[in-house]
Amino acid sequence: MNFLDLIEQKKRGVELSEEPIGWLVDAFCEGDIPDYQMSAFLMAIVWRGLSDSETVALTHAMVRSGERFDLSNVTAPKVDKHSTGGVGDKISLVLAPLAAACGCAVPMVSGRGLGHTGGTLDKLESIPGFTTDLDATAFSRQVESIGIAMAAQSDDLVPADRHLYALRSATATVEDTGLITASILSKKIAEGTEALVLDVKVGSGAFMPTLEAARSLANRLSSVARLDGLKCRALLTDMEQPLGRSVGNTLEVEEALDTLRGEGPRDVVELTLRLTVEMLLLAGLASTTVEAERLAAARLADGSALQVFRHMVEAQGGDPAAVDNPGIMGRAAEQTSLTPPRAGWVLGIDARLVGEAAGDLGAGRQTKDQEIDLQAGVFLHAKSGDPVETDAPWVTLYHDPGANVERAIEKLTEALQIGDQPPSTRPLILEQTE
Ligand code: URA
């Protein structure tokens, strides 16, 4: 096959069949297609798009590029959740053990934070000793024995996605919904899940800033997942302001543990329960929403979700003492609190600016190999709809002496909007795809 012809066809908007798509993924992984040609092909996709059947073919070819986790030993229904990424999004840390406590098997392959959004793996690594590097055997044994494993994408799991994603990041070709769909679903199929709940974030802190763009991604993900035999449901959820009050790795683990103890912030609890309900329905562990809500709320309240989290920490080499005493994860050397410039009501707190400020303090990375400061971050004392006074802090920054505190303060100051009246409430869950 001639790759130049395929670039030419895609440039003209021709729909490619399964065979050439499979061939080009294999050839790229073998090093037979140079990056400059693949970059041209990716740019043609960004302009011309991928049809659903091209996206399915790309997804399959990417899955075939590496190993597939074998979870045939696991009898419980296998269901996972994927978020498109946000600021303060620690939902997986609560939802995965909660769904497992309700009877699901949760095989969760997660990512690291990049840019203004955080990643589940970095958060988990705040727990001393916790490893996210599990091989296929350890992963499937753990899912079987305790109902949950949270691990990094190994070198052998969808290597095509790793190579393509690196090239997409370097050539401004990340944004196409077909490429994003194939990238996300190939990893989910390879990890062995049978059902998937998608949390597609919308707003300033999200990958998709508008409802229309998020809806288009959610629809594409759901339709391609179903064509692939994966049961799938997507929620569109608000990411105009950060989720919860904490942004930063250790701080977010503490907030997740508070939530597992029944003391979490309202939005974190609401979204966790709602997504867990969708998982239970897809898994067939509840037949109505009311039944699923009761089951999830009961397992959160009776401490069984916290117990599953503890078992996971032990199984993955972490210090279980952190579960009862989060202080052992350490605290940033310095804390700086900001008061608002005037009294009033918080109209909004821009999630992207808060994420960037946390990054300036060391909590995030701009390139994938950058070191991060696990203890750095921000704690929001006030959120949208709360009253603020000039003598009380609205945010506390956690940082080391060498961090870029000035720049973080500038961004946080810009992020806060105050008005004279409380704002009308914006729902957290905006839409659901069927
Ligand atoms: N997350 C992924 O895993 N892949 C993408 O392409 C975008 C977000």
Side-chain angles (χ1 to χ4, degrees), residues 86-91 93-94 113 116-120 122-124 126-127 204-205 239-272 322 325-341 345-364 372-401 403-418 428:
V87 178
D89 185 358
K90 69 279 296 171
I91 299 294
L93 302 181
V94 188
H116 68 278
T117 61
T120 299
D122 300 313
K123 289 169 203 171
L124 285 167
S126 299
I127 300 169
S204 78
M239 188 30 72
E240 283 297 343
Q241 67 168 341
L243 255 177
R245 294 186 178 274
S246 298
V247 180
N249 298 289
T250 306
L251 293 169
E252 289 190 47
V253 174
E254 285 187 36
E255 193 167 77
L257 287 167
D258 287 346
T259 310
L260 284 164
R261 267 191 284 274
E263 294 155 12
R266 200 159 32 89
D267 55 351
V268 174
V269 176
E270 180 187 343
L271 187 54
T272 303
N325 179 14
I328 67 169
M329 292 186 284
R331 253 293 165 262
E334 293 188 6
Q335 297 176 22
T336 306
S337 290
L338 304 181
T339 51
W345 296 87
V346 178
L347 301 182
I349 300 177
D350 186 287
R352 174 176 284 265
L353 289 169
V354 175
E356 287 176 6
D360 291 336
L361 297 176
I372 56 172
D373 176 356
L374 292 171
Q375 276 95 37
V378 301
F379 182 86
L380 302 167
H381 301 277
K383 296 214 33 192
S384 285
D386 289 342
V388 282
E389 298 291 340
T390 52
D391 58 358
W394 74 273
V395 63
T396 298
L397 294 72
Y398 290 77
H399 56 93
D400 267 356
N404 200 337
V405 183
E406 311 265 285
R407 201 161 66 190
I409 290 177
E410 267 171 39
K411 286 187 182 148
L412 289 167
T413 305
E414 194 187 333
L416 178 68
Q417 296 155 40
I418 304 178
L428 182 58

Which heavy atom of K411 sits nearest to which heavy atom of D360, and what is that distance?
NZ-OD2, 2.9 Å
Counting neighbours of CD on E406 that are heavy atoms of other residues, nucleotides or ligands and sit closer than 6.0 Å, is the number greater than 12?
no
Here's a test for you: under salt bridge (charged side-chain N to carboxylate O under 4.0 Å, His left out), which of D386, D267, D258 qualifies with R245?
D386
Looking at A376 and G362, what are the two nearest heavy atoms and their distance?
CB-C, 4.0 Å
Using a 4.5 Å cut-off on heavy atoms from C-beta on, say whether the side chain of L243 contacts that of L428.
yes
Closest heavy-atom contact between M239 and A351?
O-CB, 3.5 Å
Closest heavy-atom pair and its distance - S384, L347
OG-O, 3.7 Å
Verify, without hydrogens or angle tests, whether Q417 (side chain) and D350 (backbone) share a donor-acceptor contact under 3.5 angstrom.
no
Is there side-chain contact between L353 and E356, with heavy atoms separated by less than 4.5 Å?
yes
Salt bridge (Lys or Arg N to Asp or Glu O under 4.0 Å) pairs touching residues 387-399, sequence neighbours excluded, are none
I would like to know whether T117 and D89 meet side chain to side chain contact (heavy atoms under 4.5 Å, CB included); could you show each step before the answer?
CA-CA 8 Å; T117 61; D89 185 358; over 6 Å; no
Roughly how far apart are L93 CG and T272 OG1, rounded to 0.5 Å?
9.5 Å
To the nearest 0.5 Å, how far apart are OG in S204 and CD1 in I349?
11.0 Å
For T390 and T339, run side chain to side chain contact (heavy atoms under 4.5 Å, CB included): C-alpha distance rounded to whole Å, both residues' side-chain angles, the deciding distance at 0.1 Å, then the answer.
CA-CA 6 Å; T390 52; T339 51; 5.6 Å; no
Could you tell me the separation between the CD atom of Q375 and the NE2 atom of H399, rounded to the nearest 0.5 Å?
13.5 Å
For the side chain of H116 and the backbone of G205, is there at least one donor-acceptor N/O pair under 3.5 Å apart?
yes
Any non-hydrogen side-chain atom of V253 less than 4.5 Å from a side-chain atom of P326?
no
Distance-minimising heavy-atom pair for L397 and A408:
CD2-CB, 4.0 Å
Side chain to side chain, M329 and I127, heavy atoms closer than 4.5 Å:
yes
Ignoring hydrogens and angles, tell me if any N or O in the side chain of K383 forms a donor-acceptor pair with the backbone of Q241 under 3.5 Å.
no
Do L251 and E255 have side-chain heavy atoms sitting under 4.5 Å apart?
no
What is the minimum heavy-atom distance between L412 and A357, and which atoms define it?
CG-CB, 3.7 Å
Would you confirm whether E263, through its side chain, and T259, through its main-chain N or O, come within 3.5 Å as a donor-acceptor pair?
no
Could you check L416 against W394 for side chain to side chain contact (heavy atoms under 4.5 Å, CB included), going step by step and ending with a plain yes or no?
CA-CA 9 Å; L416 178 68; W394 74 273; 3.6 Å; yes
Using atom types as modelled and distance alone, determine if a side-chain donor or acceptor of N249 lies under 3.5 Å from a backbone N or O of A363.
yes
R331 and E254 ion-paired at < 4.0 Å:
yes
Side chain proximity check, H381 to T396, heavy atoms < 4.5 angstrom:
yes
Carefully, step by step, assess L361 and N404 under the rule side chain to side chain contact (heavy atoms under 4.5 Å, CB included).
CA-CA 6 Å; L361 297 176; N404 200 337; over 6 Å; no
